[in-house]
Protein chains: 2
Amino acid sequence: MATTRERLLEAGLRLLLEHGYNDLGIQVLLKETGIPKGSFYHHFRSKEDFAMQVVDRYMEEVHQGLDLSLGDTRLAPLARARRFFELSRDKYRRDGYMGCMLGGLGQELSGVNATFAARIEACFGEISGRIASCLEEARQQGELPQDADPRELANLLLNCWEGAALRSRLLRDPAPLDRMLDFTFSAATRAS
Amino acid sequence: MATTRERLLEAGLRLLLEHGYNDLGIQVLLKETGIPKGSFYHHFRSKEDFAMQVVDRYMEEVHQGLDLSLGDTRLAPLARARRFFELSRDKYRRDGYMGCMLGGLGQELSGVNATFAARIEACFGEISGRIASCLEEARQQGELPQDADPRELANLLLNCWEGAALRSRLLRDPAPLDRMLDFTFSAATRAS
DNA sequence: TCCACTAGACTGACCGGTCTACTCACAATC
DNA sequence: GATTGTGAGTAGACCGGTCAGTCTAGTGGA
């Protein structure tokens, strides 16, 4: 049996994705996990602290996905980048197409909570940075135009992906994700 | 002085964009407007009813933007579509780059409230539909490849826009919006 | 007179967070 | 090796505050 802390974070991943931050009550989390309140506040300073640690946990999974895809040297660099998004899409399917937690929490909280906004933006920065390295490799190998800007392109892919993930969440359907990938990747190879 | 109902909706536009749904208390709305609770519940059945009407109001503004841009026959069809997004960007600037209310409420509520999810998706459908008509015209005039699919392309533009709007909200910066427009519009003209 | 509307006190439920009591594995002591 | 002390973790009753929503009273124009 996993530790109390791990069980809370695990449930947090699912519940925060579904409910968002403000709609998720501590009591619901505790009821779902069968863990009493005293334990929760022993392991976490506050609800906000908890959510932050859930985000950390979420990012661990994201980085695993990046390791798996960008590190797959059997693929050409551009295919590795695309593979990351495809792995993400597969993860979304397992979650019932609820989209991306970063996009969800970012939208909900960035208007009010600067700490959260900064954390989520930092997460996007991390992801975008790793994709950018991969795209730079693609550029050097001639898969992208020589004058392409890998960092800009990585941010663009990520942002468009988040938009597609929102639409996918609304429709509970992966189609917007695939359409976005087809369009942006075929466009990226064609122009700077 | 505007009517009580109008003042509430007006404040709702601003406060829902900033706080989202769950973080916005009725009391805050009433304090900001100086309107007593009895009046609120005279004009609106519930908080959810209120938010729905704020969305309706938001969509009126969106349609005005669409009228202004897509109806501007001095521009070529493709430029009209782009103009709509530029007008939206200008509106975001006036709001302090808080992104799009549809994206915000969609992300926050679509995991829990099916009524809201359907309403927001319908809004996206309306917008996308009007852009698609414009893109169809662009296709007929040869601005887009003959085999381009205007409806798909319109959805794609809108989705990518929403992603860029989220990032713009996180950064309080319009750059992601402009980058997205440059990339997608130059790509759309080039390929199907 | 009538009714749309204003006005705000009030309600019960629920919120995040605190508090004290308790359990139990394990280390220190003789 | 039995006894005792210690602290991490469990357990849930409880707290003040806030929530959406209700209720009754009053107001003012038609």
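Each chain gets a letter, A, B and so on, in the order its sequence line appears, and its residues count up from 1.
- At a cut-off of 3.5 Å, with distance as the only test, a side-chain donor of A/S110 or B/R169 sits close to an acceptor on the other residue.
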Provide a list of protein-nucleic acid N or O atom pairs under 3.5 angstrom, restricted to nucleotides 15-20 of chain C.
| residue | atom | partner | partner atom | Å |
| --- | --- | --- | --- | --- |
| C/dG16 | OP1 | A/L24 | O | 3.3 |
| C/dG16 | OP1 | A/K47 | NZ | 2.9 |
| C/dG16 | OP2 | A/I26 | N | 2.9 |
| C/dG16 | N7 | A/K37 | NZ | 3.4 |
| C/dG17 | OP2 | A/Y41 | OH | 2.9 |
| C/dG17 | OP2 | A/K47 | N | 2.8 |
| C/dG17 | N7 | A/K37 | NZ | 3.0 |
| C/dG17 | O6 | A/K37 | NZ | 2.4 |

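- No donor-acceptor distance shorter than 3.5 angstrom exists from the side chain of A/S168 to the backbone of A/G99, with no hydrogens or angles considered.
- Comparing A/H42 and B/D23 by the nucleotide of DNA chain D that holds the closest heavy atom to each, the one mapping nearer the 5' end is A/H42.
- Contact annotation: B/H43 reaches the phosphate of C/dT6 (side-chain N/O to OP1 or OP2, under 4.0 Å).
- Within the structure, ring pair (Phe, Tyr, Trp, His ring centres under 6.0 Å) pairs that include any residue of residues 115-135 of chain A comprise A/Y21-A/F116 (at least two apart or interchain).
- Using modelled atom types and a 3.5 Å distance limit, the side chains of B/E60 and B/Q64 yield no donor-acceptor pair.
- Remark: P of C/dC14 and NZ of A/K31 are 10 Å apart, rounded to the nearest angstrom.
- Rounded to an integer number of Å, the gap from B/F44 CZ to D/dT22 P is 15 Å.
- Remark: C1' of C/dC5 and CG of B/L8 are 12 Å apart, rounded to the nearest angstrom.
- The distance from atom CG of B/D49 to atom C1' of D/dA20 is 14 Å, rounded to the nearest whole Å.
- Rounded to a whole Å, the CG atom of B/L30 is 12 Å from the P atom of D/dG21.
- The distance from atom CZ of B/R5 to atom C1' of C/dT6 is 17 Å, rounded to the nearest whole Å.
- A close approach under 4.0 Å does occur between a side-chain nitrogen or oxygen of B/T4 and OP1 or OP2 of C/dT6.
- A/R5 and A/H42 form no side-chain donor-acceptor contact under 3.5 Å, judged by distance and modelled atom types alone.
- Applying the side-chain contact (heavy atoms from CB on, under 4.5 Å) rule to B/D49 yields the partners B/F44, B/R45, B/S46, B/Q53; only residues at least two apart in sequence or on another chain are considered.
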